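Bear in mind the structure is a predicted one, so any value in this text is a computation, not a measurement.
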Amino acid sequence: MPELPEVETLAADLRPQLVGRTVTGCDVRFPTIVRHPAPERFTAELVGRRIDAVTRRGKYILHHLDCGRSEDLLLVVHLGMTGQWRCVKPDAPEPDHLHAVVVLDDGCQLRYRDVRRFGRLLLGSEPELVAARKLPRLGPEPLDPDFTAARLYGRLHARRAPLKALLLDQMVVAGVGNIYADESCFRAGVRPDRPANSLSRRAVSRIHSALSTLLREAIANRGSSVDSYRDAWGEMGREQELLQVYGRGGEPCLRCGRPLSVVRLAGRTTVFCRRCQR
DNA sequence: TTAAATTCCTGTAAGC
DNA sequence: TGCTTACAGGAATTTA
């Protein structure tokens, strides 16, 4: 599943391929993938634009487009669970589940492929997309220097929901999904089912530290390929080899040897160690 | 306002 | 072998 490190890797790989290119065509084959505006307008507004920058916000890839306005016009891509966003030569064989093709002025094609179709494409300025409720009001970036342990504590201490539910909440902190939520709780030694308002400043500080270290490590390893995630070149990341709890329910804890517990939290499978996490 | 439940979607794997 | 069923999960939406 693409979370912050996977999306960061993809955006960094696509950047040199896309910046400076102009969109010359767009073919939306599965219209419900385009959530804003209507697919015909999406195509009409996109064609002719130059891509000035490619950035990431949370789990979203942002393509900043040339337009005569003060605020950026953005092509926004969210990969959902199985989305793939690649730039390929036009003669590359077409895969199954190809839902949209954006043609560039060098002939290359940006292809959106998504087996489960949980992903989405959006076009608009950030304020426009937020106002239209197509983009959530995302919380802080966990790797931003301004995102301190104190700031995380401020976002958690008045909430009764389980810690993990809040780590997954994109309005609390942007970019964390099921893999990195479970892994950061394990590394911090904190049970994911603890009500957030029961956590001490010290515990929140450990979570903050574990999360930032883990995300940096995962970016350095080009993300986790646990399902269908592949980078811009179709290659797997390496971080999945370093995961300590995700996907290991029932197997021995790598720290103490006791079988790892599996519960459901915030609708997600959650794995943790009852001895190492308190 | 917050929290929990439901929905979308299809490939994969388990069970019979 | 072939069928049915459960499961995986991000986030929008609905319900409490």
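- Whole-Å rounding puts the Leu79(A) CG to dA11(C) C1' distance at 14 Å.
- The residues Asp91(A) and Lys89(A) are annotated as not salt-bridged, no charged nitrogen and carboxylate oxygen being separated by less than 4.0 angstrom.
- The pair Arg29(A)-Asp27(A) meets the salt-bridge criterion, with a side-chain N (NZ, NE, NH1 or NH2) lying under 4.0 Å from an Asp/Glu carboxylate O.
- Backbone-only engagement by Tyr246(A) is indicated by non-hydrogen atom pairs under 4.0 Å involving sugar-phosphate atoms exclusively.
- Residue Pro162(A) is classed as a sugar-phosphate contact, given heavy-atom separations below 4.0 Å to backbone atoms only.
- Between the CZ atom of Arg159(A) and the C1' atom of dT1(B) there is a distance of 9 Å, rounded to whole Å.
- Between the NE2 atom of His97(A) and the C1' atom of dC9(B) there is a distance of 11 Å, rounded to whole Å.
- The CE atom of Met81(A) sits 11 Å away from the P atom of dA11(C) (whole-angstrom rounding).
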Can you give me every donor-acceptor pair (side chain of residues 119-128 of chain A, partner residue at least two apart or in another chain, under 3.5 Å) with its distance?
unit_1	atom_1	unit_2	atom_2	d
Arg120(A)	NH2	Phe118(A)	O	3.2
Ser125(A)	OG	Glu71(A)	OE2	3.3
Ser125(A)	OG	Glu128(A)	N	3.2
Glu128(A)	OE1	Ser125(A)	N	3.4
Glu128(A)	OE2	His36(A)	NE2	3.3

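- Note on Pro2(A): nothing from the nucleic acid sits closer than 4.0 angstrom, heavy atoms only.
- A salt bridge links Asp13(A) to Arg222(A): at least one charged side-chain nitrogen sits closer than 4.0 Å to a carboxylate oxygen.
- In this structure, Asp169(A) atom CG and dA12(C) atom C1' are separated by 13 Å, rounded to whole Å.
- Evaluation of Phe118(A) against the base of dA11(C) yields no stacking contact (centre distance < 5.5 Å, interplanar angle < 30° required).
- With rounding to whole Å, Asp182(A) atom CG is found 12 Å from dG9(C) atom C1'.
- Using a 4.0 Å heavy-atom criterion, one finds that Thr269(A) contacts the sugar-phosphate atoms exclusively.
- Going from atom CZ of Arg113(A) over to atom C1' of dC9(B) covers 14 Å, rounded to whole Å.
- Within the 4.0 angstrom heavy-atom criterion, base atoms lie near Arg268(A).
- Atom CZ in Arg120(A) sits about 7 Å away from atom C1' in dG10(C), given to the nearest Å.
- The side chain of Lys134(A) places no N or O atom within less than 4.0 Å of a non-bridging phosphate oxygen (OP1 or OP2) of dA12(C).
- Using a 4.0 Å heavy-atom criterion, one finds that Met1(A) contacts the sugar-phosphate atoms exclusively.
- In this structure, Arg35(A) reaches neither bases nor backbone, as no heavy-atom distance under 4.0 Å exists between it and the strands shown.
- Relative to the ring axis of Phe186(A), Arg255(A) places its NZ or CZ within 45° and under 6.0 Å from the centre.
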